[in-house]
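Notes follow the structure.
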Amino acid sequence: MPELPEVETVKTVLKRRIQGLTIQKVDVYYEKMMDIDTQQALVGQTILDIKRYGKYICFVLSNHILICHLRMEGRYFFKHHDEPVLKHEHIVFHLSDGLSLRYHDTRKFGTFDLRDKDRYLSLPPLSLLSKEPFDIDPKAFYLTLKSKSKAIKTALLDQTIIAGIGNIYADEILFACKINPLRKTNLITQKEAKAIVENGVLILNQAILAGGTTIRTYVSELGVSGRFQLKLMVHQREGEPCYTCGSSVVREVINGRSSFYCKKCQSR
DNA sequence: AACGAAACCTGCGCGC
DNA sequence: TGCGCGCAGGTTTCGT
């Protein structure tokens with residue numbers, strides 16, 4: 001479910017709710033999701049801060065960093081300890097305010113990794129992450145694209161090239177830039193690379209704002225997406241008219257992912 | 001290096 | 001009602 005904007009929203013709400021609390025107990029119901037050493041190490045640690053890097057959420061604890069990725073369907077909920085643990089709630093963090101933070105993940109793709117505080121940025125997964133559109137240098141981004149020759153859509157989903165963009169916003173950014181998702185990266189001009197970064201910032205920021213408004217109506221559900229607040233220009237609009245030129249939006253699988261674009265507006 | 005397919009999982013909607 | 005298929009906002013791995 002999450003791309004950068006949704007993860008940012010989850011981070012913000014988590015920070016407001018659990019910063020300063022202590023983890024008193026951790027129950028793991030799906031063992032592959034968190035190893036026993038991590039589970040034990042968490043007990044007694046205080047949550048000092050919550051940060052986001054790309055699509056990762058980092059719990060800054062007294063002695064460690066817990067790095068969480070929500071993958072496709074990870075969500076967090078707050079519940080009372082005595083509420084029954086649901087089928088898809090795989091990890092329950094018992095917190096010092098008497099509530100439990102529950103990690104819910106239908107497809108069980110989410111990940112939890114524990115790292116030492118002094119090395120977590122220099123080890124995977126975070127060491128593999130490039131900068132986000134907000135921070136990336138457009139010239140450096142251009143040079144990276146120039147040095148490769150894969151479809152630009154594939155490159156935008158590659159978190160080692162640019163962080164935080166997922167399938168929806170990749171389509172939206174490329175539409176905004178009038179670039180065909182199949183265009184090879186080495187054919188992207190410096191001007192276009194800059195446009196990708198700028199539209200990336202714009203679209204992600206819009207989405208973060210939308211996520212922020214949505215979340216207030218779903219108090220207990222932290223994984224709620226803001227995408228329905230945003231007007232999607234192409235994504236999920238197969239067969240519908242392009243808002244710019246009226247021709248039919250097409251769907252094509254690129255890099256194993258559904259990609260939506262306007263053949264007339266987005267040039268090869 | 002790039003690309004496709006498969007893997008990790010479950011649930012939903014669809015056509016028959 | 002059941003069955004099989006395609007699909008899902010992510011990432012890794014493996015073979016060509």
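In this text, all values refer to a predicted model and were calculated from it rather than measured experimentally. A note on names: the letters A, B, ... follow the listed sequences, proteins ahead of strands, and every chain is numbered from 1.
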Face-on cation placement of A:K139 at A:Y142 ring, 6.0 Å and 45° thresholds: no
In this structure, how many angstroms lie between the C1' atom of B:dC9 and the OH atom of A:Y103, rounded? 12 Å
Inter-nucleotide C1' distance (B:dA1, C:dG10), Å rounded: 22 Å
When the distance from CD of A:E3 to C1' of C:dA8 is rounded to whole Å, what number comes out? 13 Å
Pi-cation contact, A:F59 with A:K51 (under 6.0 Å, within 45°): no
Sugar-phosphate only, base, or nothing, as touched by A:T154 at under 4.0 Å among non-hydrogen atoms: nothing
For A:S258, answer base if it contacts any base atom (sugar-phosphate contacts may also be present), sugar-phosphate if it contacts only those atoms, and nothing otherwise; contact means non-hydrogen atoms under 4.0 Å. sugar-phosphate
Mind checking the P distance from C:dC5 to B:dA6? Whole angstroms is fine. 14 Å
Is A:F109 stacked on the base of C:dT11, meaning ring centres closer than 5.5 Å and planes within 30 degrees of each other? no
With both distances under 3.5 angstrom, what nucleotide forms a Watson-Crick or G-U wobble pair with C:dT1? none
Select base, sugar-phosphate, or nothing to describe what A:Y30 touches, counting heavy atoms under 4.0 Å on all strands. sugar-phosphate
When you get a sec, tell me which of C:dG10, B:dC9, B:dT10 is the closest nucleotide to the side chain of A:N167? C:dG10
Is A:R102 positioned over the aromatic face of A:Y29, cation under 6.0 angstrom from the ring centre and no more than 45 degrees off axis? no
Please determine which of A:K11, A:Q159, A:H69 meets the side-chain contact (heavy atoms from CB on, under 4.5 Å) test together with A:Y56. A:H69
From CZ of A:R75 over to C1' of C:dG10, roughly how many Å is that when rounded to an integer? 15 Å
Which nucleotide wins on minimum distance to the side chain of A:K148, given the candidates B:dC9, C:dC7, B:dA2? B:dA2
Who does B:dC9 pair with, Watson-Crick or G-U, both distances under 3.5 Å? none
